[in-house]
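Each chain gets a letter, A, B and so on, in the order the sequences are listed, and its residues count up from 1. Hydrogens, waters and symmetry mates play no part in the numbers below; they use all other heavy atoms, side chains included. Everything quoted here is computed from the prediction, not taken from an experiment.
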2 protein chains.
Amino acid sequence: MKRFRDSFEQISIATHLLKWTLYVIPISVTVGSLVALFLWLLEKVTYLHWQHQWLLFLLPLGGVLIYFLYKYLGKNSDAGNNLIMDEIHQPGGGVPARMAPLVLAATVITHLFGGSAGREGTAVQIGGSIANFFARTLHFSKEDVKMLLMTGIAAGFGAVFGTPITGAIFALEVLAVGRIKHDALMPCFIASLLADITSSAWGIHHTHYHILFSEVEKTYFSFIHFDFVLLIKVIVAGTLFGLVGFTFAEVSHTIKNYSNRWIKTKWLIPVIGGVIIIGFTYLLGTQDYLGLGVTNPRSGGVSIVSCFNEGGATRFSWLWKLLFTAITLGMGFKGGEVTPLFFIGAALGNAIAVVSGAPVDLMAGLGFIAVFAGATNTPIACTIMGAELFGTHNLLYYAVACFTAYYFSGHSGIYHAQRVAVSKV
Amino acid sequence: MKRFRDSFEQISIATHLLKWTLYVIPISVTVGSLVALFLWLLEKVTYLHWQHQWLLFLLPLGGVLIYFLYKYLGKNSDAGNNLIMDEIHQPGGGVPARMAPLVLAATVITHLFGGSAGREGTAVQIGGSIANFFARTLHFSKEDVKMLLMTGIAAGFGAVFGTPITGAIFALEVLAVGRIKHDALMPCFIASLLADITSSAWGIHHTHYHILFSEVEKTYFSFIHFDFVLLIKVIVAGTLFGLVGFTFAEVSHTIKNYSNRWIKTKWLIPVIGGVIIIGFTYLLGTQDYLGLGVTNPRSGGVSIVSCFNEGGATRFSWLWKLLFTAITLGMGFKGGEVTPLFFIGAALGNAIAVVSGAPVDLMAGLGFIAVFAGATNTPIACTIMGAELFGTHNLLYYAVACFTAYYFSGHSGIYHAQRVAVSKV
């Protein structure tokens with residue numbers, strides 16, 4: 001009898017998977033295509049900004065435009081990623097379909113005029129909004145809507161960075177601090193993978209990062225084939241990555257709260273934010289901290305890619321990128337936090353490598369994934385991201401850096417809708 | 001004020017980590033050393049058995065010896081891994097210190113006489129038993145004992161396979177189906193890493209497996225740079241890996257239950273088990289399915305390593321290894337299930353590759369990790385294990401195979417103490 005029931009169990013699992021595969025296909029193809037469009041537009045406006053640097057002076061105006069876009073068309077879209085996470089925890093009014101076009105337009109505007117922002121927030125919001133649209137059209141149950149929203153997050157994340165496994169695990173891990181639940185494991189993975197395949201099919205290529213460092217067996221003690229000194233450097237670096245992830249989240253929240261409290265005329269917030277960005281740019285005499293920052297048109301300029309090389313970042317590049325991004329996103333512009341977090345981490349890793357004598361490319365790569373792991377409380381997803389982006393030669397150090405950063409970023413993170421499932425102490 | 005409290009938070013996290021690092025150091029060094037001793041002994045008795053194949057005829061006698069060892073000295077040690085998991089879920093009488101030497105001796109006896117068994121169960125029991133011994137000696141609280149037992153599992157697993165990250169994630173993922181809780185993330189990782197470093201320092205080397213397959217961009221459709229045909233083969237294979245993981249768990253439990261019900265004189269169970277193993281060996285005319293099976297002294301013989309090459313396994317090698325192991329472990333002999341699961345998976349992968357025309361080394365590697373993922377319900381740990389053992393070239397396929405196998409293995413697994421946290425449907 002038990003055996004009989006068991007064989008039914010496999011059949012109901014197969015049915016479940018088949019059902020979700022069918023649900024997820026239209027969503028992930030749509031999300032993958034929209035993310036491809038978004039990345040293509042982003043590349044165009046980034047080049048445009050590089051060619052016409054005076055566009056920076058229109059940043060305050062761009063901010064006003066975004067403000068009124070959201071005020072008159074946005075409904076509750078402004079809550080962004082947090083709205084999607086809230087809807088997963090506690091289904092309410094749903095994620096509006098308009099969120100997708102709005103956040104896409106607003107992010108493109110932000111980047112055109114040189115705001116310092118990322119991509120993943122936008123992609124995730126596109127994912128959540130499209131998933132919710134499908135769910136509403138087909139009258140899904142609340143439980144199924146939750147699952148679909150998770151697949152939307154996974155699809156957006158997987159497509160925007162070209163990391164399908166990370167996309168799936170991220171969607172499961174980001175919802176609550178300290179827990180991965182496998183309930184949506186396969187649907188999220190299918191969504192993330194199909195969205196990535198779709199955006200690749202549209203001709204999207206992702207930047208390749210290289211860590212050439214590969215451990216040589218050191219022999220401090222003849223019987224220990226392990227570089228303890230490097231391990232300790234990575235632990236210290238991981239602590240700093242966590243603290244900087246924490247700082248980024250705190251500074252962003254603080255800027256957002258105080259600018260909302262102090263500046264009563266709301267459309268003035270992005271104007272003032274834009275002016276501050278322009279001021280900092282001229283104070284520093286460089287445009288390096290504007291925009292996405294993955295590459296830099298100026299030879300010798302700081303970018304994520306340059307951070308992997310010696311001399312590719314100054315000692316405080318990470319701090320400047322942190323401030324530029326916190327001001328941009330905290331004062332009404334749109335975009336993700338993750339690519340700037342990659343920049344902050346890679347630049348900090350570069351600086352740590354210079355001070356500590358550790359390999360620059362390794363430390364930049366560790367900062368890239370670990371500051372993000374700390375700020376979003378997703379240590380396992382980020383360890384896997386290290387493997388997806390950089391290969392496994394240094395997998396052990398990815399885990400050490402991400403796990404340490406996770407602990408030292410504390411319980412708050414960049415998403416206030418993230419709940420605490422398991423305390424870190 | 002909030003900022004002030006937050007800065008205390010980081011300090012209490014640092015104190016927490018420091019405390020656990022200090023707790024974990026003696027445990028992981030002890031566990032790493034005992035595992036090194038165990039692996040060294042295992043190698044010796046495996047060679048001894050290869051040189052003196054008549055030792056197989058003493059297998060029934062070895063079984064009686066193990067039976068009386070556990071009967072007169074074992075207390076509740078016989079429950080093995082399940083006892084450790086039960087103590088983590090619901091602290092009770094604790095894990096007896098005698099479990100470590102007993103399981104070590106019993107596993108060595110099993111392998112000396114040619115029983116088909118593995119290593120991880122033994123290593124995990126050594127870990128849990130040592131951790132519990134420390135906890136009792138130092139009068140730890142119940143909460144801390146739970147954490148320590150988890151670090152014991154991680155230390156044993158990480159040391160026995162040389163996979164420190166997998167060891168940590170496995171300890172968190174195996175406790176309940178469908179969930180990873182990060183509460184012991186760092187303590188488990190430190191334990192796993194230090195135990196691995198310790199056993200390496202004792203001169204233990206782990207077998208290296210190689211997947212040379214690396215995807216070439218196929219162009220079925222000029223705009224999709226992705227091999228859909230291989231993906232579908234991997235999904236089908238993953239389903240079979242999951243079903244075979246399920247079958248292994250079911251057959252083992254059934255053999256154990258029925259032999260206990262039908263054979264009233266308990267010491268006769270291993271005698272009969274040993275005789276059946278001898279019978280099957282002569283029926284098949286090969287000793288390939290005895291012992292650990294990582295390598296094979298006979299040129300052309302089947303082993304885990306041979307499965308990575310074309311012609312390295314017959315079409316039903318996986319089935320024979322499954323039966324040999326289920327009989328060995330279900331009828332009173334000792335050892336782990338995991339290395340045989342690697343064998344079963346790699347052999348099945350080899351057979352699937354031959355039938356489907358997929359790359360043999362890739363399929364063998366996928367079976368290696370995915371049957372294990374299915375039978376123990378640990379898809380994320382096993383995906384990471386793929387990266388730790390084989391490198392990341394094919395990371396995507398590791399995830400596809402392990403996640404699919406996880407779903408199709410159903411809710412039961414080889415550990416009956418594992419709870420179901422999140423249903424698969």
Side-chain angles (χ1 to χ4, degrees), chain A residues 3 6 9-10 12-17 164-165 168-169 173 177-183 185-186 189 193 197 200-203 221 223-226 231 239 242-243 246 250 379-380 383-384 387-388 390-393 395-396 398-400 403-404 406-408 410-412 421-425, chain B residues 3 6 9-10 12-17 164-165 168-169 173 177-183 185-186 189 193 197 200-203 221 223-226 231 239 242-243 246 250 379-380 383-384 387-388 390-393 395-396 398-400 403-404 406-408 410-412 421-425:
Chain A
R3 177 148 311 279
D6 282 342
E9 186 184 43
Q10 325 288 345
S12 70
I13 289 173
T15 317
H16 170 83
L17 287 182
I165 309 172
I169 307 290
E173 196 172 29
V177 176
R179 189 185 63 196
I180 292 180
K181 273 168 71 182
H182 295 15
D183 48 355
L185 183 68
M186 198 53 129
F189 184 45
L193 180 59
I197 292 174
S200 302
W202 285 107
F221 308 96
F223 60 95
I224 296 189
H225 308 282
F226 195 85
L231 180 66
T239 310
L243 292 174
F246 165 78
E250 290 294 311
I380 295 177
T383 301
I384 293 176
E388 282 197 293
F390 312 130
T392 36
H393 268 308
L395 190 63
L396 184 69
Y398 307 159
V400 173
F403 291 7
T404 311
Y406 164 73
Y407 273 87
F408 281 97
H411 290 91
S412 55
V422 175
S423 167
K424 296 181 184 181
V425 288
Chain B
R3 176 148 310 279
D6 282 341
E9 186 184 41
Q10 323 290 346
S12 70
I13 289 172
T15 317
H16 170 83
L17 287 182
I165 309 173
I169 307 290
E173 197 173 27
V177 176
R179 189 185 63 196
I180 293 180
K181 274 168 70 182
H182 295 18
D183 49 352
L185 183 69
M186 198 53 130
F189 185 45
L193 180 59
I197 292 174
S200 300
W202 285 105
F221 307 98
F223 60 95
I224 294 189
H225 307 281
F226 195 84
L231 181 66
T239 309
L243 292 173
F246 165 78
E250 290 296 310
I380 297 178
T383 302
I384 294 177
E388 282 198 295
F390 311 129
T392 36
H393 268 308
L395 190 62
L396 183 69
Y398 306 159
V400 173
F403 291 9
T404 311
Y406 164 73
Y407 274 87
F408 281 95
H411 291 91
S412 55
V422 175
S423 166
K424 295 181 186 182
V425 288

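Note that CD1 of A:I180 is 9.0 Å distant from CG of A:L185, once rounded to the nearest 0.5 Å. Taken from OH in A:Y406 to NZ in A:K424, the straight-line distance is 5.0 Å, to the nearest 0.5 Å.
For B:E388, the parts lying under 4.5 angstrom from a heavy atom of chain A are both the backbone and the side chain. Neither the backbone nor the side chain of A:V177 comes within less than 4.5 Å of any heavy atom of chain B. Only the side chain of A:I165 has a heavy atom closer than 4.5 Å to any heavy atom of chain B. No part of A:Y398 comes within reach of chain B, as not one of its non-hydrogen atoms sits under 4.5 angstrom from that chain. For A:F189, the part sitting under 4.5 Å from any heavy atom of chain B is the side chain, from C-beta outward, and nothing else. For a residue to count as touching a neighbouring chain, one of its non-hydrogen atoms must lie under 4.5 Å from one of that chain's; by this rule A:T404 touches chain B with backbone and side chain alike. Proximity to chain B is limited to the side chain of A:H16, based on heavy atoms less than 4.5 angstrom apart. Contacts of A:A14 with chain B are made by both backbone and side-chain atoms, with heavy-atom separations under 4.5 Å.
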Just do the side chain to side chain contact (heavy atoms under 4.5 Å, CB included) check on B:I169 and A:T383 with the steps written out, would you?
CA-CA 12 Å; B:I169 307 290; A:T383 301; over 6 Å; no
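Among residues two or more places apart in sequence or in another chain, the side-chain contact (heavy atoms from CB on, under 4.5 Å) test is passed with A:S423 by A:H411, A:V425. Residues satisfying the side-chain contact (heavy atoms from CB on, under 4.5 Å) criterion with B:V422, sequence neighbours excluded, are A:K181, A:D183.
Not one N or O on the side chain of A:Y407 forms a donor-acceptor pair closer than 3.5 Å with the backbone of B:L17.
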